[in-house]
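Down below is the structure, laid out as structure tokens.
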Amino acid sequence: MYKYGQYCPVAQALELIGDRWTLLIIRDMLTDTRHFNDLVRGLPGISRALLAKRLKQLEEADIVEKRVNETGRQTTAYHLTQSGQELNGVITALMLWGADWAFSDPTMEQLDPLLLMWWIHNRVRTEQLPQERITIQFDFYGAETATYWLVLTQKDATICLTDPGYEINVLITADLATFFKVWLGRIEFAEALESGEVKIDGIPRLTRGFPEWFMWSPASPAIRATRAKSA
């Protein structure tokens, strides 16, 4: 943890949250990511040792608290304290500034299909799902060729790296960069369909419902607003 040696609230705040990865850890915790392995999955590139170190630093700063659930199988969860929750404004301000001044089309190294699937899995609107189990196959091409499956019920969402063996109800075939831009709100789903860079096949009532099953990225409203201002 770097010490600036300045009697200034900005400097002292940065001593607590200015280290690499720290604000991204807080970003993910603000969207209810609470378990160590889930934080690892949402932050590709961070080592488990570094994540443990950052969480320990945040605990010592009273920004994060660790809770152990003793009922049934023992599990550990990380929760933001009041001071951690109040960083929501900081993250929102950075998101708005980033949408206006630091966000453009993705580069090749930013196109991680498994991370995209993790984001999608975390933003399912279960109340919008039909009663039956839905299996969606995602076939990505372009920057990377990959296939994943998302199995959805009104109680759970599961990413599968291999074919789960269920009937495929919806098939998404998409250029990876384009689907990232759809997810972030840089282009609309309907635009991507019209361009042919995203295709959707399956039972008509399910393909019509697909866009309503997800909340899309938390940053998408800000990115759409920036796009509207530029139009």
Inset, instruction - Mind running side-chain contact (heavy atoms from CB on, under 4.5 Å) on D38 and V40 for me, showing each step along the way? - result: CA-CA 5 Å; D38 291 342; V40 169; over 6 Å; no
Inset, instruction - Please check if any side-chain donor atom of E86 sits under 3.5 Å from a side-chain acceptor atom of S83, or the reverse. - result: no
Legend entry - Nearest atoms (heavy-atom pairs only) where L161 meets W149: O-CZ3, 3.6 Å
Inset, instruction - Walk me through it: do R67 and E59 pass the test salt bridge (Lys or Arg N to Asp or Glu O under 4.0 Å)? - result: CA-CA 11 Å; R67 302 178 192 171; E59 282 186 77; over 6 Å; no
Inset, instruction - Could you tell me whether Y141 atom OH has more than 12 heavy atoms of other residues or ligands within 6.0 Å of it? - result: yes
Legend entry - Shortest non-hydrogen contact between H121 and L150, atoms and distance: CB-CD1, 4.0 Å
Inset, instruction - Would you indicate whether the side-chain heavy atoms of V170 and Q137 approach each other to under 4.5 Å? - result: no
Inset, instruction - Find the distance between CD1 (I46) and CZ (R54) and round it off to the nearest 0.5 Å. - result: 7.0 Å
Inset, instruction - List the atom of L51, the atom of I25, and the distance in Å for their closest heavy-atom pair. - result: CD1-CD1, 3.6 Å
Legend entry - Minimum heavy-atom distance between F179 and F189, given as atom pair plus value: CE1-CE1, 4.3 Å
Legend entry - Given D139, T173, D163, the one that forms side-chain hydrogen bond (donor to acceptor under 3.5 Å, both in side chains) with T147: D139
Legend entry - Residue pair R205, E132: steps toward the salt bridge (Lys or Arg N to Asp or Glu O under 4.0 Å) verdict: CA-CA 13 Å; R205 68 177 174 86; E132 72 264 35; 2.5 Å; yes
Legend entry - T226 backbone acceptor or donor facing S230 side chain under 3.5 Å: yes
Inset, instruction - Using a cut-off of 6.0 Å, state whether more than 12 heavy atoms not belonging to E167 lie near its atom CD. - result: no
Inset, instruction - Check the surroundings of atom CD in E127: do more than 12 heavy atoms from other residues, nucleotides or ligands lie under 6.0 Å from it? - result: yes
Inset, instruction - Tell me yes or no: between the side chains of W213 and Q128, is some donor less than 3.5 Å from an acceptor? - result: no
Inset, instruction - Using only heavy-atom distances, determine whether the side chains of R27 and N88 contain a donor-acceptor pair under 3.5 Å. - result: no
Inset, instruction - For F138 and M117, work out which heavy atoms get closest and say how close. - result: CD1-CE, 3.6 Å
Inset, instruction - Check the pair T92, V90 against side-chain contact (heavy atoms from CB on, under 4.5 Å), reporting the backbone distance first and the verdict last. - result: CA-CA 5 Å; T92 299; V90 175; over 6 Å; no
Legend entry - Residues, nucleotides or ligands: over 12 heavy atoms within 6.0 Å of E109 CD: yes
Inset, instruction - Might you work through the side-chain contact (heavy atoms from CB on, under 4.5 Å) test for R123 and W216, ending with a clear yes or no? - result: CA-CA 6 Å; R123 300 283 289 174; W216 305 96; over 6 Å; no
Inset, instruction - Kindly indicate, with the supporting measurements, whether the criterion side-chain contact (heavy atoms from CB on, under 4.5 Å) is fulfilled by Y4 and E15. - result: CA-CA 7 Å; Y4 292 98; E15 288 176 1; 3.6 Å; yes
Legend entry - Closest non-hydrogen atom pair between C160 and P164, with its separation: SG-CB, 3.9 Å
Legend entry - Atom CD of Q110: over 12 foreign heavy atoms under 6.0 Å: yes
Inset, instruction - Please check if the side chain of T153 supplies one atom and the backbone of R133 the other of a donor-acceptor pair under 3.5 Å. - result: no
Legend entry - D62 versus T81, side-chain donor and acceptor atoms under 3.5 Å: no
